[in-house]
Chemist: 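One structure coming up, written as structure tokens, with questions to follow.
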2 protein chains.
Amino acid sequence: MTFELNPTAASLLGFLHDGPMSGWDLVVRAEERIGEFWSLTQSQVYRELARMAQEGLVEAGEPGTRARKVYAISDEGRDAFVEWVRRPPGNENIRFPLLLTLAFGQHVPDPMLASFISRHRIIHHDRLANYERQRAEMPSDYEDVDPYAVATLEFGITYERAVLQWFDQLPRRLTDLRDE
Amino acid sequence: MTFELNPTAASLLGFLHDGPMSGWDLVVRAEERIGEFWSLTQSQVYRELARMAQEGLVEAGEPGTRARKVYAISDEGRDAFVEWVRRPPGNENIRFPLLLTLAFGQHVPDPMLASFISRHRIIHHDRLANYERQRAEMPSDYEDVDPYAVATLEFGITYERAVLQWFDQLPRRLTDLRDE
DNA sequence: TGGTACATGTAACATGTTACATGATTAG
DNA sequence: CTAATCATGTAACATGTTACATGTACCA
């Protein structure tokens, strides 16, 4: 009976397969690679690393400058990770505050709602541009590209396109900014 | 300075505008109306109701059968709700465990990955069918339809279609079930 | 009339969030 | 050389999850 990992901790172990890293390194890498569909905070990363070190899933190297500790995955960590990653994944969980506000839109003046919507549309537009840039920058020679990273990036692109499409078919009344 | 609501509690207040309801009623209604993009559990509902009762945002009627308590929104509750719903909504937060597993797909045998993917594809397919049925059942006379509910339902449809489209463009290797 | 599902709730715990503290590095 | 930012971490608290306990209604 191996240690029970949560998805956040497990992801850290996943990244540590590429070599030892500090908490900060992991935060940055997680943001790049899974931030699109798995949010985590810097503070969680440090906590999970500390816990996993206690359990022997990772090993901390000697503190360097700024008390920087570099963590390496252990054999126990590899075992726990493989066990985790081969379990049937749970259902997805979306929390989209804009839609909550919209669902109760009758309590919000329409122009205010329109301004909320327009701000979020920009965010999604920018994210899509970012993902598309990433895809464009990938080596066209598919030998060098991790097919799993491609698949998740494709998800981001498909998702953001759909969201924009949804924005663009909202009734004019909900997107008209005249008074705000 | 009104009481600081979280989105989950605020939603309960939103629903209580339609009339007094019990915790159970609220769980059911939330699932129907916002479950698509805002998950909550039964146990949270009871906790938030208890807290809001303490703060005077809702008032509990006399316990009925099974200790059933029906909550009504108070004037303070209405004020707090309006304040909440008119704030700029935060960014959305997606947690999609399947994508996490896929991101670390190199550690999973392909047929196993394919079986995870196929199971999730079914879930999304069914959800889409359900949303489309709901839309079809709406009175074609738009007078009677809450335009905000239509907008959020459209989101669900757009989202699920996009997810299916994404599933269908995955490389065959990730969707081929031959060995599992 | 006994079993199953419904409805209500509580408690313990895990996870997520926000705010802060502190030294190290870098840019001007 | 000093102010801003980077990197590390901790602590307190809020929220989310899971498991359990208990009575009620329904139905075969």
Side-chain angles (χ1 to χ4, degrees), chain A residues 3-13 20-31 34-35 37-55 57-58 60-71 80 84 89-97 100, chain B residues 3-13 20-31 34-35 37-55 57-58 60-71 80 84 89-97 100:
Chain A
F3 183 70
E4 198 69 23
L5 288 175
N6 61 49
T8 298
S11 304
L12 301 179
L13 289 181
M21 275 181 272
S22 71
W24 183 260
D25 298 337
L26 285 163
V27 170
V28 171
R29 182 160 306 203
E31 174 55 31
I34 59 172
F37 49 82
W38 198 267
S39 73
L40 42 71
T41 64
Q42 166 259 29
S43 142
Q44 273 177 286
V45 169
Y46 287 109
R47 182 169 56 194
E48 295 302 333
L49 284 173
R51 272 182 57 199
M52 291 195 293
Q54 270 207 326
E55 299 292 330
L57 306 185
V58 297
E62 281 314 290
T65 175
R66 283 186 205 187
R68 182 175 204 266
K69 268 179 289 187
V70 168
Y71 292 89
W84 174 84
N91 285 335
E92 101 269 36
N93 192 321
I94 304 188
R95 305 201 126 202
F96 204 152
L100 216 44
Chain B
F3 183 71
E4 197 69 22
L5 288 175
N6 61 49
T8 298
S11 303
L12 301 180
L13 289 180
M21 276 181 272
S22 72
W24 183 260
D25 298 338
L26 285 163
V27 170
V28 171
R29 182 159 307 204
E31 174 55 30
I34 60 172
F37 49 82
W38 198 267
S39 73
L40 42 70
T41 64
Q42 166 259 28
S43 141
Q44 272 177 287
V45 169
Y46 287 109
R47 181 168 58 193
E48 295 301 333
L49 284 172
R51 271 182 57 199
M52 290 196 293
Q54 270 207 326
E55 299 291 331
L57 306 184
V58 296
E62 281 315 289
T65 175
R66 285 186 206 184
R68 181 175 204 267
K69 269 179 288 187
V70 168
Y71 291 89
W84 174 84
N91 285 336
E92 101 270 36
N93 193 319
I94 303 187
R95 304 201 128 203
F96 203 153
L100 217 43

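Computed over heavy atoms, backbone and side chain alike; hydrogens, waters and symmetry mates excluded. All chains are named by letter (A, B, ...) in the order of the sequence lines, taking the proteins before the strands, and each is independently numbered beginning at 1.
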Chemist: Ignoring backbone atoms, test whether A/Ser43 places a side-chain nitrogen or oxygen under 4.0 Å from the OP1 or OP2 oxygen of D/dA11.
Modeler: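 For D/dA11, neither OP1 nor OP2 has a side-chain N or O of A/Ser43 closer than 4.0 Å.
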
Chemist: For the side chain to side chain contact (heavy atoms under 4.5 Å, CB included) test, which of A/Asn6, A/Ile34, A/Leu5, A/Leu26 pairs with A/Ser11?
Modeler: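 So, applying the side chain to side chain contact (heavy atoms under 4.5 Å, CB included) to A/Ser11 and each of A/Asn6, A/Ile34, A/Leu5, A/Leu26, only A/Ile34 qualifies.
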
Chemist: What is the separation between atom CG on B/Leu49 and atom P on C/dA7, rounded to the nearest whole Å?
Modeler: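 My rounded result for the distance is 16 Å.
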
Chemist: From A/Asn93 CG over to B/Phe37 CZ, what is the distance, rounded to the nearest 0.5 angstrom?
Modeler: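 Going from the CG atom of A/Asn93 to the CZ atom of B/Phe37 covers 13.0 Å.
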
Chemist: Let me confirm one number: the CG-CG distance from B/Leu12 to B/Asp25, rounded to the nearest 0.5 Å.
Modeler: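 Going from the CG atom of B/Leu12 to the CG atom of B/Asp25 covers 11.5 Å.
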
Chemist: Can you check whether A/Arg51 has a side-chain N or O nearer than 4.0 Å to OP1 or OP2 of C/dT15?
Modeler: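 Yes, because at least one side-chain N or O of A/Arg51 sits under 4.0 Å from OP1 or OP2 of C/dT15.
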
Chemist: Which nucleotide sits closest to the side chain of B/Thr41: D/dT15, D/dT18, C/dG9?
Modeler: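 The closest nucleotide is D/dT18.
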
Chemist: Check whether any side-chain N or O of A/Arg68 sits under 4.0 Å from OP1 or OP2 of D/dC6, and answer yes or no.
Modeler: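 Checking A/Arg68 against D/dC6: no side-chain N or O falls below 4.0 Å of OP1 or OP2.
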
Chemist: Closer to the 5' end of DNA chain C via nearest nucleotide, is it B/Val28 or B/Asn93?
Modeler: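 It is B/Val28 whose nearest nucleotide is closer to the 5' end.
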
Chemist: With the side chain of A/Gln42 defined as its heavy atoms from C-beta on, choose the nearest nucleotide among C/dG9, D/dG16, D/dG9.
Modeler: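 Comparing C/dG9, D/dG16, D/dG9 against the side chain of A/Gln42, the answer is D/dG9.
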
Chemist: Whole Å only: how far is the CZ atom of B/Arg47 from the P atom of C/dA12?
Modeler: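 Taking CZ of B/Arg47 and P of C/dA12, I get 13 Å after rounding.
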
Chemist: Over how many whole Å does the gap from A/Gln44 atom CD to D/dA11 atom P extend?
Modeler: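 The answer, rounded to whole Å, is 17 Å.
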
Chemist: Distance check, rounded to the nearest 0.5 Å: A/Glu48 atom CD versus A/Glu55 atom CD?
Modeler: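 A/Glu48 CD to A/Glu55 CD: 10.5 Å, rounded to 0.5 Å.
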
Chemist: Between B/Leu40 (CG) and C/dT15 (C1'), how many Å, whole number?
Modeler: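 Result: 17 Å.
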
Chemist: Counting side-chain heavy atoms from C-beta on, which of C/dG16, C/dG9, D/dT15 comes nearest to B/Arg95?
Modeler: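 Among C/dG16, C/dG9, D/dT15, the one nearest the side chain of B/Arg95 is C/dG16.
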
Chemist: Just how far, in rounded Å, is C1' of D/dT17 from CD of A/Glu4?
Modeler: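 Answer to the nearest Å: 14 Å.
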
Chemist: In whole Å, I'd like the distance from the CD atom of B/Glu48 to the P atom of D/dT15.
Modeler: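 Taking CD of B/Glu48 and P of D/dT15, I get 6 Å after rounding.
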
Chemist: Can you tell me how far apart CG (B/Leu13) and OG1 (B/Thr8) are? Round to the nearest 0.5 Å.
Modeler: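 Here the interatomic distance stands at 11.5 Å.
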
Chemist: Provide, to the nearest angstrom, the distance between the CG atom belonging to B/Asp25 and the P atom belonging to C/dA7.
Modeler: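 Rounded to the whole Å, the gap is 9 Å.
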
Chemist: Once you round it to whole Å, what is the distance between P of C/dG16 and OH of A/Tyr46?
Modeler: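 Atom OH in A/Tyr46 sits about 17 Å away from atom P in C/dG16.
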
